[in-house]
Amino acid sequence: MSRLAATFAELAQKNRKALIPFVTAGDPNPQFTVPLMHAMVSAGVDIIELGVPFSDPMADGPVIQRASERALAHHQSLRTTLAIATEFRKTNGHTPIVIMGYLNPVEVMGYEKFADAVHAAGIDGVLTVDLPPEEAQECTELLKTRDVAPIFLLAPNSSAARIAKMDSIGAGYLYYVSLKGVTGAGHLNAAEVETKLAEIRANTKLPIAVGFGVKDAQTAKTIANLGDGVVIGSALISEIEANLHSPAQAKEAIIELLTAMRQAMDN
């Protein structure tokens with residue numbers, strides 16, 4: 001059983017939901033990310049989404065765009081992101097890692113080399129934002145043969161047929177984008193999320209994580225009552241941006257927020 005499947009199975013047995021933070025690898029500097037990952041695990045997170053910095057992150061709002069710019073200024077890349085995962089794996093063999101990014105660096109590396117590299121780095125899932133399922137078969141098959149889950153995004157306007165398509169080629173979990181827009185934009189409408197998740201569940205057996213609008217502990221609690229996982233990104237990266245003068249303070253603020261979310265979700 002994969003780390004992702006084992007994590008969701010264990011959480012379901014305990015009637016708990018997955019807390020899934022997103023951070024950009026190398027933001028605000030490459031030395032910050034691995035210690036932050038370990039600290040987040042200690043705060044109660046279940047899965048880590050590790051963003052691969054990219055120059056044109058079309059699905060991301062300004063907060064994560066600036067995080068990519070800071071990381072790229074330190075020459076962070078797909079390969080160095082995988083090196084961060086490899087370093088984390090030296091002392092943590094159980095927390096799933098999903099890398100989230102864009103197709104261009106993957107195509108530059110080549111699908112087969114990419115699949116080999118993510119497997120070697122101990123990556124459990126890959127979410128490529130701009131790789132549509134209609135063009136994903138080659139990459140998806142290479143990942144699956146290496147026990148790496150291809151994870152896909154669903155939107156509020158995704159049709160039942162498209163949900164079923166994502167279910168048929170995806171693995172690990174489905175990521176429901178709860179808002180029409182970029183990361184960090186707007187506020188969640190819980191009633192709309194509940195309605196859409198019911199439609200998604202009718203067309204998949206995969207766990208469903210919800211993100212793109214989770215800002216605080218109360219929102220996390222609301223979403224935890226609806227989905228199988230809660231993804232938080234921009235709110236965490238905002239803490240890094242607010243404390244660029246002191247990465248230690250940034251880490252402390254992130255852990256405080258995640259701890260509050262974990263407690264709210266468990267209650």
Side-chain angles (χ1 to χ4, degrees), residues 3-4 20-41 45 47-131 139 142-143 146-151 172 183 231-234 236-241 243-248 250-251 254:
R3 276 185 286 252
L4 282 171
I20 310 172
F22 168 95
V23 293
T24 301
D27 176 37
N29 60 69
Q31 293 74 39
F32 181 75
T33 308
V34 172
L36 176 62
M37 292 169 73
H38 287 300
M40 292 193 300
V41 172
V45 310
I47 298 163
I48 296 173
E49 286 188 357
L50 193 59
V52 180
F54 187 57
S55 57
D56 301 283
M58 64 185 74
D60 293 304
V63 171
I64 295 179
Q65 287 182 24
R66 290 192 294 267
S68 276
E69 290 170 3
R70 290 191 295 269
L72 290 170
H74 289 281
H75 308 290
Q76 193 71 26
S77 66
L78 173 56
R79 291 187 185 276
T80 58
T81 298
L82 296 180
I84 283 174
T86 300
E87 183 65 25
F88 176 79
R89 277 282 173 253
K90 290 180 180 179
T91 49
N92 183 313
H94 64 276
T95 302
I97 304 172
V98 172
I99 60 168
M100 185 172 181
Y102 294 83
L103 185 59
N104 183 270
V106 177
E107 290 201 323
V108 169
M109 182 179 287
Y111 288 159
E112 189 159 7
K113 287 183 178 179
F114 172 71
D116 286 339
V118 295
H119 174 69
I123 300 297
D124 301 282
V126 172
L127 200 168
T128 309
V129 175
D130 53 346
L131 178 61
C139 188
L142 288 166
L143 291 172
R146 291 155 177 82
D147 296 319
V148 178
I151 297 168
T183 56
V231 184
I232 178 168
S234 295
L236 302 181
I237 292 174
S238 291
E239 297 294 352
I240 293 175
E241 190 165 59
N243 293 282
L244 291 176
H245 64 287
S246 176
K251 183 167 74 170
I254 288 171

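Everything quoted here is computed from the prediction, not taken from an experiment. For this chain, numbers begin at 1 and follow the sequence in order.
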Rounded to the nearest 0.5 Å, the CD1 atom of Ile48 sits from the CE atom of Met100 at a distance of 15.0 Å
So do the side chains of Ile240 and Arg70 get within less than 4.5 Å of each other, counting heavy atoms only? yes
Please check this pair: side chain of Asn243 against backbone of Ser246, looking for a donor-acceptor N/O pair closer than 3.5 Å. no
Can you confirm whether Phe32 sits close enough to Asp27 that some side-chain heavy atom of one is under 4.5 Å from a side-chain heavy atom of the other? no
Is there side-chain contact between Val23 and Met40, with heavy atoms separated by less than 4.5 Å? yes
Basic-acidic side-chain contact under 4.0 Å: Asp147, Arg3: no
Would you check if Leu127 and Phe22 make a side-chain contact, meaning some heavy-atom pair closer than 4.5 Å? no
I'd like to know if the side chain of Ser77 reaches the main chain of Thr80, judged simply by a donor and an acceptor atom lying under 3.5 Å from each other, with no hydrogens or angles considered. yes
For a side chain to side chain contact (heavy atoms under 4.5 Å, CB included) check, start with the C-alpha distance between Val41 and Phe88, then their side-chain angles and the critical distance, and finish with the verdict. CA-CA 11 Å; Val41 172; Phe88 176 79; 4.0 Å; yes
At what distance, to the nearest 0.5 angstrom, does CG of Asp56 lie from CG of Asn104? 8.5 Å
With a 6.0 Å cut-off (strictly less than), is the heavy-atom count around NE2 of His75, excluding the residue itself, greater than 12? no
I'd like to know if the side chain of Asp60 reaches the main chain of Gln65, judged simply by a donor and an acceptor atom lying under 3.5 Å from each other, with no hydrogens or angles considered. no
Looking at Ala25 and Ala71, what are the two nearest heavy atoms and their distance? O-CB, 3.3 Å
For Val98, does its backbone N or O pair with a side-chain atom of Asp124 as donor and acceptor, under 3.5 Å? no
Indicate yes or no: at least one non-hydrogen side-chain atom of Leu143 is less than 4.5 angstrom from one of Phe114. yes
Does the distance from a Lys or Arg side-chain N to an Asp or Glu carboxylate O, for Lys90 and Glu87, drop under 4.0 Å? yes
If you count the non-hydrogen atoms of other residues, nucleotides and ligands that lie under 6.0 Å from NE2 in His119, is the total more than 12? no
How long is the span from the OG atom in Ser234 to the CZ atom in Arg66, to the nearest 0.5 Å? 9.5 Å
Below 4.5 Å, heavy atoms only, C-beta onward: do Leu82 and Val118 meet side chain to side chain? yes
Can you tell me how far the CD1 atom of Ile99 sits from the CD atom of Glu49, to the nearest 0.5 Å? 11.0 Å
Can you name the closest pair of heavy atoms from Ile123 and Val126 and give their distance? CG2-CG2, 4.4 Å
Which atom pair, heavy atoms only, marks the closest approach of Pro105 to Leu78? O-CD2, 3.8 Å
Between Gly26 and Ile84, the two heavy atoms sitting closest are N-CD1, 4.0 Å
Taking all heavy atoms of Thr81 and all of Val52, pick out the closest pair and write down the distance. CG2-CG2, 4.0 Å
Quick check: do Lys251 and Pro247 have side-chain heavy atoms less than 4.5 Å from each other? no
So, taking the atom named CD1 in Ile232 and the one named CD1 in Ile20, what distance separates them when rounded to the nearest 0.5 Å? 12.0 Å
Look at the side chain of Gln76 and the backbone N and O of Pro30, then say whether any donor-acceptor pair between them is shorter than 3.5 Å. no
Least distance between heavy atoms, Leu236 atom then Pro21 atom: CD1-CB, 3.5 Å
Is the closest side-chain heavy-atom distance between Ile97 and Arg89 below 4.5 Å? yes
Check whether Ser68 reaches the backbone of Ser55 with its side chain - one donor and one acceptor, N or O, closer than 3.5 Å. no
